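Note on naming: letters A, B, ... go to the chains in the order of the sequence lines (proteins, then strands), and numbering restarts at 1 for each one. Only a predicted model underlies this, so the values are computations on that prediction, with no experimental measurement involved. These numbers come from the heavy atoms of this one structure, side chains and all, not from hydrogens, waters or symmetry mates.
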There are 2 protein chains.
Amino acid sequence: MKKVSITIKEIARQLNISKSTVSRALRDSSEISEETKKKVIDLAEKLNYYPNPIAISLLKNRTQTIGVIVPDIANRFYSSAIGGVEDIAYSRGYHTMIYQSHELLERERSASRHIASRRVDGLVVAISSQSENVDHFVSLQEQGIPVVLFDRVSDAMQTHKVRIDDYKGAFEATEHLIQRGCRRIAHIAGPKAVSITRFRLEGYKDALKKYGIDFQEEWVLHTEINQAGGTERTYQLMALRERPDAIFGASDRLTMGIHSALRQLGYKMPDDVAVIGFCDLAMSSLLDPPVSSITQPSFEMGQQATSLLLDLIESKNTLVEFETRVLQSNIVINKSSLK
Amino acid sequence: MKKVSITIKEIARQLNISKSTVSRALRDSSEISEETKKKVIDLAEKLNYYPNPIAISLLKNRTQTIGVIVPDIANRFYSSAIGGVEDIAYSRGYHTMIYQSHELLERERSASRHIASRRVDGLVVAISSQSENVDHFVSLQEQGIPVVLFDRVSDAMQTHKVRIDDYKGAFEATEHLIQRGCRRIAHIAGPKAVSITRFRLEGYKDALKKYGIDFQEEWVLHTEINQAGGTERTYQLMALRERPDAIFGASDRLTMGIHSALRQLGYKMPDDVAVIGFCDLAMSSLLDPPVSSITQPSFEMGQQATSLLLDLIESKNTLVEFETRVLQSNIVINKSSLK
DNA sequence: CTGAAAGCGCTTACAG
DNA sequence: CTGAAAGCGCTTACAG
């Protein structure tokens, strides 16, 4: 298996002109005669020539490629965000390399190393829940590879960030439950170290406060973001002497766990327990009953993060003012919370 | 933003030796004295040097990178297969670039072009349902870039292929329904052009034949592979004068559509209609009732396809005997088909 | 054991 | 308008 590629040299040979001229003609340089240009371009087309991007990368020290690291591509929120990343990247002439951290710091580090060694031009990342330490990303920045954070952001990094208004989303979810008459509202939250966990928890607490409902420590449980976590914590909640009459789940995986645990335990939603979560819309409507949810503009988050990243990559001056964009979530009411 | 990278030249300068010697020392060549080697390696470590893979790619005309094209990374079957691809690729020192075709021929072509221009070493692909024409992949092969097909394969290509025994899976699913007493068994199938659609349809037909049940044209409906397709076709089936008493769905998305349509229409599973599908396990158990399914070893398919691909890439001789590996599916019985 | 030189495919000052 | 030369970062015959 041999890769035989047409090079500029071959075109030059066939046309009996120099490589320089071929190169310039191909790039439509104004200093080449129309006639030469035409000859070169025609032959290039005929031979099905396209430039070797590797040679160009070596020359420019640019790869026209960006990296994305997300915890899990199977998660709809992230696959949709990746869609947004690809959308902007392609339209601006960049390619996208996708990495999964599987929520592991070590995998994130290894992806970072790979990105650095591959001379990727920049990186969009949703930090793994295990990564309290973001030195590997800071180190990328120091090597001149810009990093933009989305969804999961970190205060330890100076850069552009795109996140949703987790506080407001959680506030609205909790307020909705209160307005439907719930008073004993539990919250199954993600890992403490993750920024969005804290924002959502604050929103939940403040909504309770606004309506004069006491905050109860035992009604807030933290867990890993997966279905099993939601299920286990629901067992724990429903085993309490004073049971909650509503559960607010901090992610879609968790909410699926909550949903299946409640059904399995024989509770009716929303009559026994009202449920709302941060969810993917397609998913929530499949469940029985369909689940109310705070939905996030994931595609748009990917777009905005990428657009900020490409601006960073293409800006010559180092002195960019970093910004944090906060997008709005939407609340979608379904049967699971309609007491 | 400047990328300042340590090069072999810099090490040579600091040590006052030649680039050649540095290069050889770093590659642990036997012709370099231990002393020099140590000096070089120590300094390289200190300066945090790592070789520029782009330069090496230019030299070797190899990128140590493979591409994967799947219809949709959000689909669990594919995200899991990608896991298998990454697993083998990483362990053999290759990186993976992931592309989505979104079931569009045009996107698949554009990914192929990108792959060719990036000089990717090889490609693993599950063909888009729209791609009856696979010339873009053949052209890749002709350029010396090996292509291995998995899941969705095509007779129009000579190469390694990895697929599951769709015929047998469909046969077993249908036989199971028959053994539970169903006699009017419908099948909602994928697009006609896709190879697995045909295999599954054959399995369904042959199971009916084995038990002396007449095949009824109107009980087999083709559709795009998405939830809406499953829903629409279920409407159509249940509107028939003679209704089916069982539906066999050809994919998980379709089966989710079948499930939600039946519930919405007021049918009980399995009593009114038994349901079985080609499904992802995690998904089927979330539905109410949980759905019986033919499950596929997706991770393993990704692994095997990649392992075959890397063998192709690394084999010097062109004369490889192409093989088609057929993996076995499993049948998982759940409430939806337990009449 | 070590170095100078050529070359991978391209671009771009520098000459003419 | 066109060409010869240098160089991006590396490897590897070829000399010594």
Annotated protein contacts, base or backbone, on nucleotides 5-10 of chain C with a non-hydrogen cut-off under 4.0 Å, one of B, S, - each: B-BBBB

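Between the CD1 atom in B:Ile73 and the CD1 atom in A:Ile82 there is a gap of 4.0 Å [rounded to 0.5 Å]. Distance check: A:Thr63 OG1 to A:Leu58 CG gives 12.0 Å after rounding to the nearest 0.5 Å.
Applying the side chain to side chain donor-acceptor pair (under 3.5 Å) test to residues at least two apart or on different chains, the pairs with a partner in residues 12-23 of chain A are A:Glu10-A:Arg13, A:Glu10-A:Gln14, A:Ser18-A:Thr21. Pairs engaging residues 47-60 of chain B under the side chain to side chain donor-acceptor pair (under 3.5 Å) rule: A:Gln143-B:Tyr50 [sequence neighbours left out]. The ring pair (Phe, Tyr, Trp, His ring centres under 6.0 Å) analysis of residues 119-155 of chain A, with sequence neighbours excluded, yields no pairs. Counting only residues at least two apart or on different chains, the salt bridge (Lys or Arg N to Asp or Glu O under 4.0 Å) pairs with a member in residues 39-53 of chain A are A:Lys38-A:Asp42. For residues 10-35 of chain B, the set of pairs meeting the ring pair (Phe, Tyr, Trp, His ring centres under 6.0 Å) definition, not counting sequence neighbours, is empty.
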Name the pairs: protein N/O against N/O of nucleotides 14-16 of chain C, kept only if under 3.5 Å.
none

With Watson-Crick and G-U wobble geometry limited to distances under 3.5 Å, how should the secondary structure of DNA chain C be encoded in dot-bracket form, using | for bases paired to another strand and [ ] for crossing pairs? |||.||||||||.|||

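Legend: residues meeting side-chain contact (heavy atoms from CB on, under 4.5 Å) with A:Ala111, ordered by chain and number and at least two apart, are A:Ile69, A:Tyr99. Legend: residues meeting salt bridge (charged side-chain N to carboxylate O under 4.0 Å, His left out) with B:Glu35, ordered by chain and number and at least two apart, are absent. With sequence neighbours excluded, the residues that form a salt bridge (charged side-chain N to carboxylate O under 4.0 Å, His left out) with B:Arg152 are B:Glu103. A search for side-chain contact (heavy atoms from CB on, under 4.5 Å) contacts involving B:Ala74 returns A:Arg76, A:Ser79, B:Asp72, not counting sequence neighbours.
Annotation: D:dC1 and C:dC10 have their P atoms spaced 24 Å apart (nearest Å). Nucleotides D:dG16 and D:dT12, compared at atom C1', are 16 Å apart to the nearest Å.
One interatomic measurement links the two molecules: NZ of A:Lys60 to P of C:dT11, which rounds to 7 Å at whole-angstrom precision. Atom NZ of A:Lys37 and atom C1' of D:dC1 are 11 Å apart (whole Å).
Taking only side-chain nitrogens and oxygens, B:Thr21 comes nearer than 4.0 Å to OP1 or OP2 of C:dG3.
Across all strands shown, B:Ser57 has no heavy atoms under 4.0 Å from either base or sugar-phosphate atoms.
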